[in-house]
Trainee: 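One structure coming up, written as structure tokens, with questions to follow.
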Amino acid sequence: MTLWGGVFSEPSDEHLRKLNDSFPFDKRMFREDVTGSIAWANALARAGVLNGQEAESIVNGLAEVLKEFESDVFVAAPDDEDVHTAVERRLTEIIGEVGGKLHTGRSRNDQVATDFRKWVLAAITEVDQHLDSLVVTLVERADEQAETLMAGWTHVQPAQPITVGHWLMSFAWMLLRDRERLAEFGRRCAVSPLGNGALAGTPYPIDRLELALQLGFSAPTQNSLDGVSDRDFAAEFLFAASLVGTHLSRLAEDIILFSNPAFGYVTLADRYSTGSSLMPQKRNADPMELARGKAGRLIGNLTGLLTTLKGLPSTYNKDLQEDKEPVFDSFDTLVAILPAVTGVVRTMTVHADKLRDGLVPEMLSTDLADYLVKKGMPFRQAHHVAGRAVRLSREKGIGFDQLSLEELRSLSPLFAEDVAQSMSYDASVSSRNVTGGTSPESVRAQIAEVRRILSQ
Ligand code: ARG
């Protein structure tokens, strides 16, 4: 028997059932559903709607149902439309007719919204733990590589020398922001829709604040029409997941390039590399390609849900059942990618010699301009002179750092012996010693700051 069959004269068509049933995927929320129902039964008892015996019997029965789910022996019935229906059906089988009192004053509309919020809150905690491991790993590797030089790029063109630690830390900061974002929307997610009924609120004198606190939420929602259909938390989860995916994808792209033998900057550990069935020499960065690729599906899940939500009329509409699968999928995706990316970062070998080979003297042309600035020349003019120095070295077919003092002086009389000191990669990097700069000292300051944040 369905939960709503009273008015109908024939059972649902099997095609409708297949389309309508969400049990195959929303059974993932069994724990949240049972806990929510236990809290609701207790709230009904506090409101005097159930007597103590009835509430106790319901609570004990629900504990049985939970055990069946946890030990994987729960048997779904053909009429189990969704997890809510399934739990209540089984409860009534176990404790008899009194089970039918549980749904008093409640609707699946406020029930599903409550369960789903609880599920997302647990998901946030788990994703956050994976992010924490990755940030910790990035910081460890950055500490070890705080002084290792590498070519910094803009437009994928050689730009200025930087340190490997600085590069690694840039991702630690992105992921820290992601963690902050999860925590922030987690606070918005932690309100309880239970007691909103189908749309208009419950007619029983339920203490919704008490109920919310019992369920681990911080407050009840304040408008029942909004409360049953607000899926901002799901969209925010999908956005946060998309941005994590975007950050991981960018890290992945760097590592894919850097592990290409043409660069040879890093080598992925064997256990994080894959080979080719055809080409014996191949060593592919598959985990990173998957991290990059899966960012697409994370973003797809977000745009899918937003598209579902955008045209919805007020309150609950069945379209909202489309909210769970993208959220589950984005969670599963992140939980699959994050540990693999962490493993890659933790185990990859960094080749300082190859990284150094990637530095080209022309990357010091900004430093040459800055040298002239220190001698009093306006930067615009200094930029021009340094540009002419690049051109001169190219015309002569020599390295930019091979120009003689005489040659430099032909471009500006401000050049003196001490110009040689400005023309080194180490000097270039060390000179960028401001907060957020690439000098080893600045990188160590960043590391200390991130460690301070992590310890809070
Ligand atoms: N399975 C439904 C969902 O996921 C539960 C709510 C059903 N409510 C209803 N009035 N049909 O949204």
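Heads up: numbering here begins at 1 and tracks the sequence. Computed from a predicted model, the values in this text were never measured in an experiment. Counting convention: from 1, in listed order, for ligands and their atoms alike.
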Trainee: Return the closest protein heavy atom for atom 5 (C) of ligand 1 as residue, atom name and distance.
Mentor: D82 OD2, 3.4 Å
Trainee: Taking the six-membered ring where the residue is Trp, are the ring centres of W119 and F233 under 6.0 Å apart?
Mentor: no
Trainee: When you measure from atom 4 (O) of ligand 1 to every protein heavy atom, which one gives the shortest distance, and what is it?
Mentor: K324 NZ, 2.7 Å
Trainee: Distance under 6.0 Å and angle within 45° of the ring axis: does R250 meet both against F171?
Mentor: no
Trainee: In terms of relative ring orientation, are Y265 and W153 parallel, tilted or perpendicular, with 30° and 60° separating the classes?
Mentor: tilted
Trainee: Could you find the nearest protein heavy atom to atom 7 (C) of ligand 1 and give me its residue, atom name and distance?
Mentor: Y316 OH, 3.6 Å
Trainee: What protein heavy atom lies closest to atom 10 (N) of ligand 1? Include the residue and the distance to one decimal.
Mentor: N109 OD1, 3.1 Å
Trainee: Flag H84 as yes when one of its N or O atoms lies below 3.5 Å from any N or O atom of ligand 1, and as no otherwise.
Mentor: no
Trainee: How far is atom 1 (N) of ligand 1 from the closest protein heavy atom, and which atom is that?
Mentor: Q321 OE1, 2.7 Å
Trainee: Can the positive tip of K324 be found less than 6.0 Å from the middle of the six-membered ring of F116, inside 45° of the ring normal?
Mentor: yes
Trainee: State which residue, out of T148, T267, D357, fulfils the side-chain hydrogen bond (donor to acceptor under 3.5 Å, both in side chains) condition with H351.
Mentor: T267
Trainee: Please check if any side-chain donor atom of R208 sits under 3.5 Å from a side-chain acceptor atom of T221, or the reverse.
Mentor: yes
Trainee: List ligand 1 atoms under 4.0 Å from S22, heavy atoms only on the residue side.
Mentor: 1 (N)
Trainee: Students should be able to answer this: which protein heavy-atom is nearest to atom 11 (N) of ligand 1, and at what distance?
Mentor: R108 NH2, 3.6 Å
